[in-house]
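First comes the structure, then the notes that go with it.
Atoms considered below: every heavy atom in the structure, side chains included; atoms not considered: hydrogens, waters and symmetry mates. Every chain is numbered from 1 and lettered A, B, ... according to where its sequence line falls, protein lines coming before strand lines.
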2 protein chains.
Amino acid sequence: MNYCPGLGYSQGVTTAGTARDTTTRTGPGAARQHTLRERNLELVARAVFEVPEPLSRAGVAAATGLARATVSTLVDQLVAARLVRELPAVTGGRAGRPAVPLVPAPRSVVGLGLEVNVDYLGVRVLDLTGDVVSERVVPGALHDSDPAVVLGRLGELAREVTDGVAASGMTVAGARLALPGLVDPRTGLLEVAPNLGWSSLDPVPLLGLGDLAVRIANEAKLAALAELAGGSDVAAPDSFIFVSGDVGIGGAVVVDRALFLGERGWNGEIGHVVVDPAGPRCSCGAFGCLEQYAGKEAMMRAAGLPPDSPLAALVARLAQTGAAAGGAQALPAGRALGSALADFVNLLDVGTIVLGGAYAELLPWLRADVEAVLADRVLAAPFVDLHVRAAQAGPHAALTGGAREVLRAVLAAPAAWV
Amino acid sequence: MNYCPGLGYSQGVTTAGTARDTTTRTGPGAARQHTLRERNLELVARAVFEVPEPLSRAGVAAATGLARATVSTLVDQLVAARLVRELPAVTGGRAGRPAVPLVPAPRSVVGLGLEVNVDYLGVRVLDLTGDVVSERVVPGALHDSDPAVVLGRLGELAREVTDGVAASGMTVAGARLALPGLVDPRTGLLEVAPNLGWSSLDPVPLLGLGDLAVRIANEAKLAALAELAGGSDVAAPDSFIFVSGDVGIGGAVVVDRALFLGERGWNGEIGHVVVDPAGPRCSCGAFGCLEQYAGKEAMMRAAGLPPDSPLAALVARLAQTGAAAGGAQALPAGRALGSALADFVNLLDVGTIVLGGAYAELLPWLRADVEAVLADRVLAAPFVDLHVRAAQAGPHAALTGGAREVLRAVLAAPAAWV
DNA sequence: GGCAATAGTTCATCCGTACAACAAATGCGG
DNA sequence: CCGCATTTGTTGTACGGATGAACTATTGCC
């Protein structure tokens, strides 16, 4: 599925004689004997976790290309590490010794998702099967709040939840804290979160979660990862653009089931893409940004509602005014959003667009305009099927995405758990 | 240098019970004993090729973390494969046995770059040191040309060049054909190249190059890769946005020295990003695309020149009208380009912008406007240094980029050459 | 009940790296 | 000029991990 023509890494053909590139790129390091073990442990773990029907040891061997003997020892280690569980042998009607199905271990190793957003605090625990083990979501008005107080409160919630989880014998592998702002994953610092009124702070210590490994990330990025779980009726795409409409507009890019983050993870800022340079001035100082057309307040105003109305009011108004779901021009946001998304697709060539936040509910009134503008403006539209769909992950998707991200890291390096 | 928080691969945590993701992702395959050898061969090759000062075997061992004994055997294989050459031992004034410097082997394994563009055909051969071994560039007016004739002629040029190269004992590792249009790397087909008047064709067989491995790619993408060689005075950035202005406007994205290609490699189409929805109609059918402001014809018209004037005429006119280099508003294209680039940066978070094609020469008259609009419109501008620079690779950069790409692939899998 | 079929385990073998010892080639101090 | 420290490169042994074949375990079917 990787169509890049073998462009996996640094090029490094240097013209002889010119002194540059002085920093030695250490690279991923030397491959030793135990590297094989780590690599194949990961391979086996992926085989067990990515397949819809449980595999046996023999099935894993066939799927991975490893020898049955090798798979046996690796699976035994994963079982001992409580990452994989053996189900009772099932006699499937065929001849031969019955196979032992291998499944992700439930309620053993879990991931913790944390979130501070404008109107709530949340904690969610997921186990390796994807089940929600425990969660707490507390509403609150957190514009211009005190980070120490809010994060301390979130830390308390997290401790309550993790204490209960640990009492049941589960192990918390780590945590991800989702924040609605510019986050620097290198330093773990929050640069600025306009809607919270926070800036330039180190949030992790304020949680007071001791030695638990907590990493921070942008809320929309983690919400996008939650979409990789797919929905009850629809499969998850491997590559998509995720755009979430709320007070601000957040975006993320997923390619081959991994986030694309640019240089610092500050990508996907579709809210400030040019829609019309003659448009209204944006809070960012520029003119005609998408946010001025498709941000929550702009949509409310366009519908004749107070800017801070709840989303339900807008939905009710749309239904009341008889705007045909599926019809064009129900919301002025539709064409603006389509225009910005067309830029996004032209620049990235990712053909599936997942709309989250308020857009998920408003999609019936947005879709016609969005799709029409995409067809007009995307250069490759004649050669590509563009898909626009609503987000599948439920409310507080960033909590799910954060917890999933912790568990993904566990599966990427299962050797640390054996 | 990888700031993504461990998002290397497919996630795969699936909710138990829901049937989806049915395609078994085979993954990169099982790691066997010889995988170690391949991996470490690559590591050693990179160490030799990426360092400005030649390393000895002991130096490679220190740089890679491998044992000296291991490095010795690996280096011997690379030398036998003619990828690496030993220089005469140099007694560097220090005590101890003199070290044998290892360098990329000159004139041994070479890469072939091919290109069809609107006004020329070209062939260029690079060796592993980055030197141009041989090249042929033939001007021609190729709008609305016959693909069979043009590609046949290019194939003849390529054979002439490769015959000479082979007669000198060199081995051509492969070729890349650069085309100005939408290319599908999966199938090797050219979907459409508007300026050539070509569409829906399989160009490789028309070259008549027999069993030589030829792959096709977009011209701007390969030109961007040429920038990884750096310039005589300035180091190459590891991540950058490349935008090349000509009749059309081409773009590419390089992150960590590798092309980012989206799903099909049809990304970087900045020429059709919205600058002003009330603007002129574009050849693509939409309104107010960047190409209508910063395409070559638009720039000529804005300067009062015939649309098909040579670039030199525009430069002369700018000098003549006394438009201050470095001053604002010398060209209307400047602010339009800045607007589209700001969208690009907002969506991708890549902070270095390399301008090629006509923009490289026009940069003195564009820079002030571009940088001003970027500062206004890029959301992360207060936290990031944005760099705008002219392309360093000389004319016909796609030829260099294509040849480099072939050699990069050789270094990524040196085991095939031992 | 015997036989074929499939799952899982055990064991000798092979491959590649690591570590240590050794050989080679130099600078330096006496 | 000689001995010694120093660094490079090579040789030999040990070890870890994957393999494939042989073996055991458990079922369906005739």
Side-chain angles (χ1 to χ4, degrees), chain A residues 28-44 47-48 53-80 84-103 414-415 418, chain B residues 27-44 47-48 53-80 84-102 414-415 418:
Chain A
R32 299 146 207 279
Q33 299 292 114
H34 67 87
T35 311
L36 283 187
R37 166 67 60 84
E38 290 171 11
R39 180 103 181 64
N40 286 333
L41 264 178
E42 178 191 327
L43 195 67
V44 169
V48 170
E53 296 299 313
L55 288 176
S56 64
R57 286 171 173 78
V60 171
T64 58
L66 291 165
R68 289 210 312 272
T70 310
V71 169
S72 249
T73 63
L74 294 173
V75 165
D76 288 347
Q77 293 189 25
L78 291 174
V79 169
V84 168
R85 171 166 299 182
E86 295 177 309
L87 293 183
V90 58
T91 155
R94 293 186 320 183
R97 173 174 170 173
V100 177
L102 303 168
V103 293
V418 303
Chain B
R32 297 145 208 278
Q33 300 291 114
H34 67 87
T35 312
L36 283 186
R37 165 67 58 86
E38 291 170 11
R39 180 101 179 67
N40 286 334
L41 264 178
E42 178 192 327
L43 195 67
V44 169
V48 171
E53 296 299 313
L55 287 177
S56 64
R57 287 170 172 78
V60 171
T64 58
L66 291 165
R68 288 210 313 271
T70 310
V71 169
S72 248
T73 63
L74 294 173
V75 164
D76 289 347
Q77 293 190 24
L78 291 175
V79 169
V84 168
R85 170 165 299 181
E86 296 178 307
L87 294 183
V90 56
T91 155
R94 291 186 322 182
R97 175 175 169 173
V100 178
L102 304 169
V418 303

Report summary line: Taking for Pro98(A) and for Gly65(A) the nucleotide of DNA chain D with the nearest heavy atom, the one nearer the 5' end belongs to Gly65(A)
Report task. Report the residue (Ala69(B) or Leu66(A)) whose heavy-atom-nearest nucleotide on DNA chain D is the more 5′ of the two. Result -> Ala69(B)
Side chains of [X] and [Y], heavy atoms from C-beta outward: is any pair under 4.5 Å?
X: Leu55(A); Y: Leu102(A); answer: no
X: Glu38(A); Y: His34(A); answer: yes
X: Thr64(A); Y: Thr70(A); answer: no

[N] [atom2] sits how many Å from [X] [atom1], rounded?
X: Leu36(B); N: dC15(D); atom1: CG; atom2: P; result: 19 Å
X: His34(A); N: dC19(C); atom1: NE2; atom2: P; result: 10 Å
X: Arg57(B); N: dA23(C); atom1: CZ; atom2: P; result: 20 Å
X: Leu87(A); N: dA7(C); atom1: CG; atom2: C1'; result: 16 Å
X: Arg37(A); N: dT17(C); atom1: CZ; atom2: C1'; result: 16 Å
X: Gln77(A); N: dG16(D); atom1: CD; atom2: P; result: 13 Å
X: Leu74(A); N: dT19(D); atom1: CG; atom2: C1'; result: 13 Å
X: Leu102(A); N: dA7(C); atom1: CG; atom2: C1'; result: 11 Å

Would one find a side-chain N or O of [X] under 4.0 angstrom from OP1 or OP2 of [N]?
X: Ser56(A); N: dT6(C); result: no
X: Asn40(B); N: dT17(C); result: yes
X: Arg32(A); N: dA18(C); result: yes
X: Ser72(B); N: dG9(D); result: no
X: Thr70(A); N: dT19(D); result: yes

Considering all heavy atoms, the nearest [X]-[Y] contact:
X: Gly29(B); Y: Arg39(A); value: O-NH2, 3.8 Å
X: Arg57(B); Y: Val71(B); value: O-CG1, 3.5 Å
X: Ala99(A); Y: Pro101(A); value: O-CD, 3.4 Å

Query raised in the report: Gln33(A) side chain: which of dT17(C), dG8(C), dA21(C) is closest?
Result: dT17(C)
Using nucleotides 1-6 of chain D, report all nitrogen or oxygen pairs with the protein that are shorter than 3.5 Å.
residue: dT6(D); atom: O2; partner: Gly96(B); partner atom: N; Å: 3.0

Query raised in the report: Going through the checks in order, is the side chain to side chain contact (heavy atoms under 4.5 Å, CB included) test met by Gln33(A) and Gln33(B)?
Result: CA-CA 8 Å; Gln33(A) 299 292 114; Gln33(B) 300 291 114; 4.2 Å; yes
Report task. Scan Val100(B) against the nucleic acid and name what it touches under 4.0 Å (heavy atoms): base, sugar-phosphate only, or nothing. Result -> sugar-phosphate
Query raised in the report: Do the side chain of Ser72(B) and the main chain of Ala69(B) share a donor and acceptor less than 3.5 angstrom apart?
Result: no
**Report entry** Polar pair under 3.5 Å, donor/acceptor by atom type, side chain Arg68(B), base dG9(D)
**Finding:** yes
